[in-house]
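As structure tokens, the structure follows; a few thoughts come after it.
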Amino acid sequence: FFVRMGQLRDVLVMVVCGVTASAASPPHIVFIVSDDLGFNDVSFHGSQQIPTPNIDAIANRGLKLMNYHVQPVCSPSRSTFMSGRHVIHTGIYMPFPQGTPLRLHLNYSLLPQYLKRCCNYSTHMVGKWHLGQNVMAALPIGRGFDTYLGYWSGAEDYYTHDTKGAYDFNDDTAPSSLRPAVEFNETYSTFVFTQRAVSVISQFSSASTNKMFLYLPYQNVHWPLEAPQEYVDEFMKLPGILDSRAHVCAMAKVMDDGIGNVTQALKSAGILQDTLIIFSSDNGGPTHGNEGTSSNNFPLRGGKNTIWEGGTRVVGAIAGPGIPTTGATTYTKFHASDWLPTLVSMASGQDWKTFISPTEPAYQLGDGMNLWPVLSGTVQESPREWLLLECHPEGQSVEHGNAFIYGDMKIIKLGQTHPEDENGNFPPSGVMNPEDVDYLIKCGDGKPRVGPFNASQCTQKYCLFNVTADPCEYTDLADVMPDVVQQLVQKLALFQATAVDPVGPEGCSPVKIPVGGNGAVAWQPCDAPQHP
């Protein structure tokens with residue numbers, strides 16, 4: 001079933017419809033997320049190591065989002081995609097550990113619920129959830145998805161789907177049908193997810209009255225480092241490449257091939273030109289051996305679990321109805337929280353706030369905004385002048401710290417979570433001289449810096465960087481521009497005033513139930529109907 005990249009060279013992502021979406025005829029939406037993909041783990045950003053023609057095709061037929069920021073780690077970004085609320089208001093600053101009663105608050109409406117409410121979308125999810133699993137209401141089918149296939153936790157084996165001693169791979173249907181999908185034991189998750197995505201797409205055609213929302217967060221390229229051997233062997237041929245890097249490359253490649261299959265399915269169903277496709281990473285990749293893996297954010301500084309640009313500035317692209325088809329690169333600021341208001345406004349043809357439930361908490365300063373007029377080119381000046389990466393009340397050195405961008409300038413003060421091995425600009429193994437690579441992000445007058453920085457920098461006081469002229473954060477300007485630091489600190493204080501504490505446990509913990517005999521167990525919510 002799975003088609004390799006070489007067989008798809010002629011299958012271009014011809015998402016060329018230029019009409020503006022309207023409430024009368026919203027497009028299908030496919031939202032693809034990669035886990036831990038590095039900023040330069042795609043060839044359209046300049047990587048010559050990993051060919052990603054199918055991801056590139058999305059970018060080259062739409063918009064490359066080159067000033068696109070998410071949160072520095074998994075659950076925070078995913079909660080922001082789905083809720084349109086910044087982590088300073090959800091309290092999800094760090095990933096949820098497996099087997100705990102942590103979850104995204106149930107009083108928030110999520111993106112699939114909005115799309116149903118505004119436009120009667122048929123909603124489907126395939127892949128990684130990581131937003132709560134302790135009760136039925138916290139699962140994807142409890143939060144607006146009609147169907148779900150995937151795993152609820154944050155990291156697991158790609159083949160056995162085991163995490164912390166239990167199987168986590170479910171095939172669910174709303175409102176309450178749960179089934180551990182044990183038939184996929186020993187099948188690589190990317191193949192399963194791609195096949196299910198293709199199956200979902202095949203249910204739609206140009207005559208469909210209900211439009212499809214497909215949320216497809218792949219497991220790749222998160223550890224454990226596992227990929228089919230034929231893919232790994234391709235990259236082990238590169239001179240000087242380490243095994244960990246070859247595995248990450250293979251995992252990115254197999255995901256790109258899967259995306260090619262998804263694109264082909266849209267074309268076969270006759271709905272490719274009526275589908276808005278989004279591609280995003282969930283955070284910067286772990287780099288320089290952090291977490292035992294080797295993504296590539298070079299030439300950016302830092303990586304996963306940091307508020308350096310390499311931790312939050314990620315791969316982003318969008319193509320489809322209403323998006324210019326030029327393959328242009330935009331440096332307009334865009335944040336993970338903007339997807340919900342942008343997509344709901346686009347699909348409905350109305351102000352997204354029309355569809356906010358009166359019973360849920362109000363959106364606040366720092367939450368997402370509708371940037372569809374900017375993406376579609378109907379307005380030139382964006383309302384987003386700032387990007388809040390993370391913040392906490394002043395004096396609290398917690399989680400990743402405080403980072404805020406206004407205009408060209410960024411202030412940053414690190415918190416307790418900032419892996420020192422990522423504090424620098426590190427190309428991966430197996431690449432040519434960095435000076436010979438044409439990176440889309442330019443730093444250092446064509447001679448990008450390689451190596452670590454002082455580990456204590458920006459830990460005791462705010463640093464200041466011009467991330468337009470210096471996106472790789474080489475030069476701290478705080479001592480020469482103290483007035484600018486003070487101005488940004490004052491602006492940041494408005495966000496700090498509404499920042500909440502980290503979310504705490506709610507209710508019972510998920511449980512392990514017997515499945516399939518032989519002593520095997522699977523994770524299930526504590527209030528689920530018990531399986532035999």
Side-chain angles (χ1 to χ4, degrees), residues 13-33 58 81-84 108-127 129 139-150 171-178 193-217 259 261-279 318-323 339-357 370 372 376:
V13 184
M14 298 295 290
V15 190
V16 298
C17 180
V19 298
T20 301
S22 70
S25 182
H28 301 284
I29 301 171
V30 176
F31 191 159
I32 304 170
V33 177
I58 299 170
F81 293 150
M82 289 291 103
S83 71
Y108 303 141
S109 293
L110 303 190
L111 179 56
Q113 294 167 312
Y114 271 97
L115 291 173
K116 281 183 172 292
R117 193 180 297 159
C118 81
C119 313
N120 199 30
Y121 270 78
S122 176
T123 58
H124 306 272
M125 180 178 171
V126 182
W129 178 236
L139 304 181
I141 62 167
R143 309 221 62 170
F145 287 103
D146 297 328
T147 67
Y148 172 70
L149 175 68
D171 191 354
D172 304 335
T173 305
S176 59
S177 175
L178 302 183
F193 295 154
T194 299
Q195 185 172 6
R196 175 56 63 90
V198 168
S199 176
V200 168
I201 292 166
S202 71
Q203 300 170 30
F204 296 85
S205 71
S206 58
S208 297
T209 54
N210 286 8
K211 293 304 176 81
M212 168 188 64
F213 172 55
L214 172 60
Y215 178 46
L216 180 56
I259 292 169
N261 280 259
V262 169
T263 301
Q264 177 61 51
L266 292 168
K267 184 177 181 182
S268 297
I271 60 173
L272 181 59
Q273 293 187 349
D274 190 29
T275 301
L276 189 71
I277 305 177
I278 298 158
F279 181 84
I318 182 170
I323 297 296
W339 287 120
L340 185 149
T342 296
L343 293 176
V344 175
S345 296
M346 176 278 301
S348 67
Q350 301 179 52
D351 183 348
W352 71 280
K353 295 178 181 177
T354 304
F355 304 99
I356 298 175
S357 169
N370 170 25
W372 182 251
S376 62

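Everything numeric here is computed off the predicted structure, so don't read it as measured data.
Side-chain contact between V30 and F279 is absent, with no heavy-atom pair separated by less than 4.5 Å. Counting heavy atoms from C-beta outward, M82 and P112 have side chains that approach closer than 4.5 Å. A 4.5 Å side-chain heavy-atom check between T354 and V344 finds every atom pair outside the cut-off. Contact check for L214 versus H28: no side-chain heavy atoms found under the 4.5 Å cut-off. A heavy-atom distance below 4.5 Å is found between the side chains of L276 and L343. L340 has its side chain within reach of W352: a pair of non-hydrogen atoms, C-beta onward, lies under 4.5 Å apart. Contact of the W339 side chain with the I278 side chain is registered, since non-hydrogen atoms from C-beta on lie closer than 4.5 Å. For the pair K211/F204, no side-chain contact is recorded, criterion being any heavy-atom separation below 4.5 Å from C-beta on.
Summarising the geometry, atom CE belonging to M346 is positioned 8.5 Å from atom SG belonging to C118; distances are rounded to the nearest 0.5 Å. We find the CG-CD1 distance between L266 and I277 to be 5.5 Å, quoted to the nearest 0.5 Å. One finds the CD atom of Q264 at 10.5 Å from the CD1 atom of I201 (value rounded to the nearest 0.5 Å). Atom-to-atom distance recorded for Q273:CD and S206:OG is 11.0 Å, nearest 0.5 angstrom. Separating the OG atom in S83 from the OH atom in Y108 is a distance of 7.0 Å, to the nearest 0.5 Å. Residue I323 holds its CD1 atom at 4.0 Å from CD1 of I318, rounded to the nearest 0.5 Å.
Here the closest heavy-atom approach between residue P175 and residue I141 is recorded as O-CD1, 3.8 Å. When every heavy atom of L149 is checked against every heavy atom of F193, the shortest pair comes out as O-CE2, 4.0 Å. The two residues P217 and M125 have their closest heavy-atom pair at CG-CE, 3.7 Å. P27 and P321 get closest at one heavy-atom pair: CB-CG, 3.8 Å. Minimum heavy-atom separation, A347 to P26: O-CB, 3.3 Å. The two residues T275 and I271 come nearest to each other via the heavy atoms OG1-O, 2.6 Å.
Listed for the Y148 side chain is a donor-acceptor partner under 3.5 Å among the backbone atoms of G127. The main-chain N or O of T123 is found under 3.5 Å from a side-chain atom of D146 such that the two form a donor-acceptor pair. Using modelled atom types, one side-chain atom of T263 and one backbone atom of I259 make a donor-acceptor pair closer than 3.5 Å.
Contacts of F213 classified as ring-ring contact (aromatic ring centres under 6.0 Å, His included), with partners at least two apart in sequence or in another chain: none. Checked against salt bridge (charged side-chain N to carboxylate O under 4.0 Å, His left out), R196 has the following partners two or more places apart in sequence or in another chain: D171.
For the salt bridge (charged side-chain N to carboxylate O under 4.0 Å, His left out) condition, no pair includes a residue of residues 339-349, sequence neighbours left out.
Ring planes of F145 and Y215: parallel class, angle under 30° (limits at 30 and 60°).
There is no side-chain donor-acceptor pair under 3.5 Å between S199 and Q195.
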